[in-house]
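Below is one structure, written out as structure tokens; the observations come after it.
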Amino acid sequence: MTSEQTDLHHTRLTFSDIDLAKQLFGERNSHLKKIAESVDAQIDTRGNMVIITGAPHAEKLAETILNQVYDLLKSGYPVYPNDIDYAISVLSSNHQACLKDIFLDTVYITSKKNPITPKSQAQKTYIDAIRSFDIVFGIGPAGTGKTYLAMAMAVAELTKGTVRRIILTRPAVEAGEALGFLPGDLAEKVDPYLRPLYDALHDMMRFEKVSGMLQQGIIEVAPLAFMRGRTLNDAFIILDEAQNTTTEQMKMFLTRIGFNSKAVITGDITQIDLPYEKLSGLIEAKNILQNIPGIRMVFFSKQDVVRHKLVQDILKAYEDHEKDRSR
């Protein structure tokens with residue numbers, strides 16, 4: 001790969017491996033078009049060469065993105081269209097970031113042989129925190145991978161034998177619908193609240209394996225109320241939707257943690273479904289536990305959303321609307 005500055009506002013890049021260059025450019029140059037649009041530059045091709053035209057900062061950003069994605073391809077990383085979006089997002093917010101440090105950190109390989117890797121600097125910080133700390137808070141908007149990555153780390157630790165069981169829990173908070181009016185017994189009433197946790201599990205492991213582990217109690221999925229009075233040793237515990245815990249519930253949960261256990265608490269403090277007069281246990285914990293050395297708090301923003309690009313746009317639209325309303 002060679003780079004050369006030509007006349008004013010032109011940069012030429014030549015990629016030596018023609019097959020990798022094709023992957024880098026994307027089908028019908030779709031990746032190049034996406035990068036060009038995002039940085040506000042023009043990108044043309046001649047064989048395995050690209051010519052970038054635009055303002056100096058736009059050219060430099062496009063060059064950085066292309067070079068770093070090409071390095072990923074040379075390392076054997078399979079680059080998909082979504083990865084181009086993530087690369088643009090990471091390098092647009094931090095030109096000094098290294099995509100290889102983020103994307104090549106494999107957390108877990110699913111039963112479908114799909115590697116689960118971080119897709120933003122905050123996600124990389126998050127999984128590093130989970131490796132190093134016994135209690136980690138992941139706080140930020142929906143779609144930033146807080147629960148999914150925590151689940152992948154839990155399954156990886158169970159597979160390695162570092163922990164003997166996984167415990168997944170959520171508060172069963174009534175968000176607009178009363179539990180009492182739902183059909184079935186208590187287990188059937190709370191099951192819809194726990195469904196996202198089951199979905200993430202089945203995404204990572206074969207259905208039969210998950211079912212067997214659930215039956216044996218190696219994996220437990222339960223409402224937060226079921227944690228009261230227990231001490232959880234040798235476990236990886238995930239508390240999801242923690243913004244809907246009360247002060248008492250959060251304190252109860254945090255004091256359940258036993259020896260050789262890790263706890264990850266995830267939530268979005270902008271999506272609280274508690275009654276108006278109730279203080280969120282997550283907000284309170286964020287305020288009073290930040291200075292405890294063994295606890296790490298990782299904050300995500302809308303830039304870390306790894307769902308469909310429209311999700312980022314939707315979050316921004318709501319954010320702008322809230323700002324307008326507060327004025």
Side-chain angles (χ1 to χ4, degrees), residues 72 77-78 80 82-83 85-87 89-90 93-94 97-160 162-163 165-170 194-205 210 219 221 235-243 257 261-269 271 282 286 295-309 311-312 315:
L72 281 175
Y77 185 89
Y80 298 103
N82 279 350
D83 293 312
D85 291 327
Y86 305 146
S89 176
V90 169
S93 57
N94 178 9
C98 177
L99 293 184
K100 285 174 76 172
D101 287 348
I102 299 171
F103 284 45
L104 297 184
D105 186 350
T106 301
V107 177
Y108 182 72
I109 297 176
T110 70
S111 59
K112 298 174 185 175
K113 307 301 180 190
N114 296 329
I116 297 173
T117 66
K119 303 295 185 184
S120 73
Q121 190 62 61
Q123 287 194 352
K124 170 66 174 163
T125 301
Y126 183 55
I127 62 168
D128 285 343
I130 293 172
R131 289 177 178 131
S132 303
F133 293 83
D134 288 340
I135 298 178
V136 175
F137 286 79
I139 301 172
T144 48
K146 305 181 300 293
T147 304
Y148 196 81
L149 284 174
M151 191 82 79
M153 289 292 290
V155 174
E157 293 297 313
L158 182 68
T159 304
K160 287 189 291 186
T162 314
V163 296
R165 55 185 172 154
I166 298 172
I167 298 169
L168 312 170
T169 185
R170 297 178 111 188
L194 305 173
R195 181 52 48 192
L197 298 175
Y198 288 112
D199 290 344
L201 267 178
H202 289 136
D203 212 22
M204 295 172 197
M205 304 167 74
V210 173
I219 299 176
V221 185
F236 196 117
I237 314 142
I238 299 172
L239 170 57
D240 191 33
E241 297 288 327
Q243 75 274 8
I257 296 159
S261 287
K262 277 187 183 288
V264 180
I265 300 97
T266 71
D268 176 3
I269 56 178
Q271 299 287 332
L282 180 60
K286 177 177 78 73
I295 295 176
R296 181 71 195 275
M297 299 203 178
V298 180
F299 296 93
F300 296 84
S301 70
K302 61 180 181 294
Q303 278 76 33
D304 300 303
V305 171
V306 292
R307 291 181 182 168
H308 195 290
K309 184 184 180 300
V311 176
Q312 282 190 355
L315 285 170

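Bear in mind the structure is a predicted one, so any value in this text is a computation, not a measurement.
Phe236 has its side chain within reach of Val264: a pair of non-hydrogen atoms, C-beta onward, lies under 4.5 Å apart. When side chains are defined from C-beta on, Pro196 does not count as touching Glu241, because their heavy atoms never get closer than 4.5 Å. Looking at Thr125 and Asp128, their side chains never come closer than 4.5 Å, going by heavy atoms from C-beta outward.
Listed by chain and number, the residues in a side chain to side chain donor-acceptor pair (under 3.5 Å) with Gln121 amount to none (sequence neighbours excluded). Remark: Asp83 pairs with Lys119 by the salt bridge (Lys or Arg N to Asp or Glu O under 4.0 Å) rule, at least two apart or across chains. Residues satisfying the side chain to side chain donor-acceptor pair (under 3.5 Å) criterion with Lys286, sequence neighbours excluded, are absent altogether. Here Gln123 pairs with nothing under the side chain to side chain donor-acceptor pair (under 3.5 Å) rule; sequence neighbours left out. Listed by chain and number, the residues in a ring pair (Phe, Tyr, Trp, His ring centres under 6.0 Å) with Phe103 are Tyr77 (sequence neighbours excluded). Every side chain to side chain contact (heavy atoms under 4.5 Å, CB included) that Ser111 has, sequence neighbours left out, goes to Arg206. Listed by chain and residue number, nothing satisfies the ring pair (Phe, Tyr, Trp, His ring centres under 6.0 Å) test with Phe137 (two or more places apart in sequence, or in another chain). For Asp304, there are no salt bridge (Lys or Arg N to Asp or Glu O under 4.0 Å) partners two or more places apart in sequence or in a different chain. Not counting sequence neighbours, the partners of Asp105 by the salt bridge (Lys or Arg N to Asp or Glu O under 4.0 Å) test are Lys124, Arg131. Remark: Lys112 engages no residue in a salt bridge (Lys or Arg N to Asp or Glu O under 4.0 Å) (not counting sequence neighbours).
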Scan the side chains in residues 147-155 for donor-acceptor partners under 3.5 Å anywhere in the protein, sequence neighbours excluded, and list what turns up.
from	atom 1	to	atom 2	distance (Å)
Thr147	OG1	Asp240	OD1	2.6
Thr147	OG1	Thr266	OG1	3.3
Tyr148	OH	Asp203	OD2	2.6

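For the pair Ala242 and Ile265, the tightest heavy-atom approach, listed with the atom from each and the gap, is CB-CG2, 3.3 Å. Closest non-hydrogen pair, Ala156 versus Val107, comes out as CB-O, 3.6 Å. Looking at every heavy atom in both residues, Ser120 comes nearest to Ile102 through O-CG2, 3.6 Å. Nearest heavy atoms, Val90 versus Ala97: CG1-CB, 3.7 Å. Among all heavy-atom pairs drawn from Val136 and Ala129, the shortest one is CG2-O, 3.5 Å.
Distance CG/Leu168 to OH/Tyr198: 9.0 Å, rounded to 0.5 Å. One distance of note links CG of Asp199 with CE of Met204; it measures 11.0 Å at 0.5 Å rounding. Rounded to the nearest 0.5 angstrom, Ile237 CD1 and Ile167 CD1 are separated by 5.5 Å. Residue Leu239 holds its CG atom at 10.0 Å from CZ of Arg170, rounded to the nearest 0.5 Å. Between atom OG of residue Ser132 and atom CD1 of residue Ile127 there is a gap of 10.5 Å, rounded to the nearest 0.5 Å. To the nearest 0.5 Å, the span separating CG on Asp134 from OG on Ser261 amounts to 8.5 Å.
Residue pairs satisfying the salt bridge (charged side-chain N to carboxylate O under 4.0 Å, His left out) criterion with at least one member in residues 137-159, sequence neighbours excluded, are listed as follows: Glu157-Lys160.
Judged by distance alone, with hydrogens and angles left aside, the side-chain atoms of Lys100 form no donor-acceptor pair with the main-chain N or O of Leu72 at under 3.5 Å. Here the side chain of Gln243 pairs no donor or acceptor atom with the backbone of Leu282 at under 3.5 angstrom.
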For this session: Determine, step by step, whether Ile257 and Ile135 satisfy the side-chain contact (heavy atoms from CB on, under 4.5 Å) criterion, reporting the C-alpha distance in whole Å, the side-chain angles of both residues, the deciding distance to 0.1 Å, and the verdict.
Result: CA-CA 9 Å; Ile257 296 159; Ile135 298 178; 3.8 Å; yes
